[in-house]
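First comes the structure, then the notes that go with it.
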Amino acid sequence: MEDIKGFIAARVAKELKDSDVVSLGIGLPTQVENYLPEGVRITLLSENGIVGEGLIPSADDASLYVVDAGGQPASVLIGGSFVDSAVSFGIIRGGHVDVTVLGALEVDEEGDLSSWIIPGKKVPGMGGAMDLVVGAKKVIIAMEHTNKGAHKILKKCTFPLTGIKAVDMIVTEMGVMVITDKGIELIEYNPEFTLEQIRAATGARLIISPNLKKMAG
Amino acid sequence: MEDIKGFIAARVAKELKDSDVVSLGIGLPTQVENYLPEGVRITLLSENGIVGEGLIPSADDASLYVVDAGGQPASVLIGGSFVDSAVSFGIIRGGHVDVTVLGALEVDEEGDLSSWIIPGKKVPGMGGAMDLVVGAKKVIIAMEHTNKGAHKILKKCTFPLTGIKAVDMIVTEMGVMVITDKGIELIEYNPEFTLEQIRAATGARLIISPNLKKMAG
Amino acid sequence: MAKVVSVEEAVCLIKDGNTVMIGGFMGCGSPHKVIDALAKKGTKNLTVMCNDGACPKFGIGKLITSGQVKKLIATHVGLNPEVGKKMNAGELQVELIPQGTFAERIRCGGNGTGGFLTLTGFGTTIADGKQVIRIDGKDYLLELPLKADVALICGNKIDKQGNVWYRGTTRNFNVVMATAADLVIAEADKLVEPGEIEPENVVTQSIFVDYIVDGGNA
Amino acid sequence: MAKVVSVEEAVCLIKDGNTVMIGGFMGCGSPHKVIDALAKKGTKNLTVMCNDGACPKFGIGKLITSGQVKKLIATHVGLNPEVGKKMNAGELQVELIPQGTFAERIRCGGNGTGGFLTLTGFGTTIADGKQVIRIDGKDYLLELPLKADVALICGNKIDKQGNVWYRGTTRNFNVVMATAADLVIAEADKLVEPGEIEPENVVTQSIFVDYIVDGGNA
């Protein structure tokens, strides 16, 4: 696969419905916007204060006054608005965000998530992730299935947590998984991989859905 | 005394300092604004949403869009602003109001205050009074000393309370009192009354200040 | 994204027995056209949350006069004698809440916090049955969120996506109520195109508003 | 009523050891002129509350690079490698707070509520040492207010009485920080006359601002 990230982002995009309020994390999740199905218009929330974020402006149009949650130049759509951080996180925590798409270091079969710190190595901070995972109605993790072969989907997260019982769905280049009461259920698989390969790349028991489908890229 | 309310309001006005943020209750307290000492500019907060309330507009200038906390036509000064109720009470509870002037049914020597209900008779509601008495830096009660002879300043309030240990100062037509750890201390008296008359009109022990002064009307 | 509907369509979305937040302060900033249509429709057994009882023939007072309100949750009802009458006759329940606590509880309902601590009302009957939490030697009441089935708000300019700008003191409780109900109906004094309200000056964001009624006071 | 002062006068009001809130998000909306003057003055042992560490040579990152910050309270510091370096060298303490909780705790400090309940961080290290309160079967963390000696904010238009209007995403933490400090210094991109900002469009009210620095970007 040439563009793993694009493939994952395209699949995540299919989860979004018209009129959804959506928050996308930095990195891979940001690309989801490029793959929206036809007729689906979403309102993108940038947690630093944009309701209705627009396209990335050209260098000429970039303003010092409008940035996204990564601090990069951004824009607002017509009909969008700017909010302060307390209002923004009121929107997030208050259940007004339909879907958030985030990256992860680790996800486990309880739906616990680690994404903000690798002790002794990297302490970037949690930013808005801890609020997003408790507030958004649906939490989708978009990430590569492994970290260069090392498991990221685990029986139990090993790094400090971002949230507990937080994740609803995981989308990777290998498949689509949902977190159920019984564990992680594979509901779609990428036919470029065998089930054995996917199992081997997963550090938790994988329940194969009786309705398992091919992953729609 | 012809204009008891005006006399009380004029004395209260002397407690206000330049730049104070002030909230005035409905009725007598509202009149305080008419007696501001020269050079004293205050910012009047109307708790329904005006920071920098102006004069009462003429019937011609009145707008459906600007009312005061009594629901009457109001105006905003140049440099004033409008806020929603959550912000307004954030200002109040957050200690950003220097002085509030309120009426009362009863005040007692602990500084407890009753002002919002006469059980079985009148249930107007507390409006913003309960927040004002805990939030304002200084709480002044402006009222007639008695209710047609019946004591309003008491050892212990009898009506349901608006707040406890809330009142700092009481201004009536008879004098100015402050609430101290030891009880109610008369610091100024209106020479139209004898100390005996003031004591008789008061349902609590009155400590006479060693620095007792004549009340400056 | 909000949808523009007629006032009749809008009030059909409100059901008997619903809890309804209604913006306004003594009628200033209340959605009067929606209130009139609701009175006409006769929807019953409503629990209404509003700052006050307004007046018998003005604002939400009309719904009290018409007997459609089973319970009123407010901060002040003294200027509407109908409220007292109906209370004494056992036809109306009234729950009074301090105004700052009322605003903050509604904000809380909308922003996903589970409650907040306030000194307001400590030592009064307002504290009855509430948990007291002591922090640094001060006793606070734990106040819980308020939510509703429907919020009826009013804005001076509302764009067709649902962004709201309020004039004068009309914003009062409209701003917090718009965040705290499952269904939000906004009455526009003036319906405008998206972009007519500068993105910096939007007070209630489009994502909170479900339906817009054009008040037609352009 | 706010007073217009020079940037040098303004930073003289900040003392060694002060706790200072500084608005901005990766430098967007930070009071850059005040930060530069503070760096020049060399005020030391500051505890700084800011969303992030910005960059080594930009925004509040300059104060970290210059070693004036003893402790940084923030939500994210990953884009300023100086923060990690100084942490590992034992020269800087860092306390990380979830962004929504950070904003709400500051708002809480400014609005007189004694704390609030949130699900954010429950079950994580953020919960360590915090009181858990169970309501309707859900466990919430009790989060307490944050206050500061000084808040440094930045607005696009500020009138001479201190009313602030923010452009674009610059409002971020400036709005809540303006309410939560004993002393508030506001840097104006453009200083305007009272009335130039419509009373409906004022975001931070004049009563919160003590001193204004004219940024001179008229």
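Chain letters run A, B, ... following the sequence lines, proteins first, then strands; residues in each count from 1.
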Exercise for review: Taking atom CG of B:Leu64 as the centre, report whether more than 12 heavy atoms of other residues, nucleotides or ligands fall under 6.0 Å from it.
Suggested key: no
**Study point:** Shortest non-hydrogen contact from D:Gln205 toward B:Val87
**Key:** OE1-CG1, 4.0 Å
**Study point:** Shortest non-hydrogen separation from B:Arg93 to D:Asn111 and the atoms involved
**Key:** NE-O, 3.0 Å
Practice item. Identify the heavy atoms of B:Ser81 and D:Asn163 that sit nearest to each other, and give their distance. Key: OG-OD1, 4.1 Å
Point to revise | B:Ile118, CD1 atom: more than 12 neighbouring heavy atoms under 6.0 Å | key: yes
Check your understanding: What part of B:Val134 gets closer than 4.5 Å to chain D, counting heavy atoms only: side chain, backbone, both or neither?
Key -> neither
Check your understanding: Taking all non-hydrogen atoms of both residues, which atom of D:Pro199 and which atom of B:Gly80 are closest, and how far apart?
Key -> CB-O, 3.5 Å
**Study point:** When B:Leu45, B:Ile91, B:Val76 are compared by non-hydrogen pairs under 4.5 Å with chain D, the top option
**Key:** B:Ile91
Review point. Does a sphere of radius 6.0 Å around NZ in B:Lys5 hold more than 12 heavy atoms from other residues, nucleotides or ligands, not counting ones at 6.0 Å or beyond?
Key: no
Review point. At their closest point, which heavy atom of B:Ile78 faces which heavy atom of D:Pro194, and how far apart are they?
Key: CG2-O, 3.5 Å
Exercise for review: Measure distances from D:Gln161 to the heavy atoms of chain B and classify the residue's part below 4.5 Å as side chain, backbone, both or neither.
Suggested key: side chain
Practice item. Determine the sole option in B:Asp20, B:Val97, B:Asp98, B:Thr43 for which the side chain to side chain contact (heavy atoms under 4.5 Å, CB included) test with D:Ile207 is passed. Key: B:Thr43
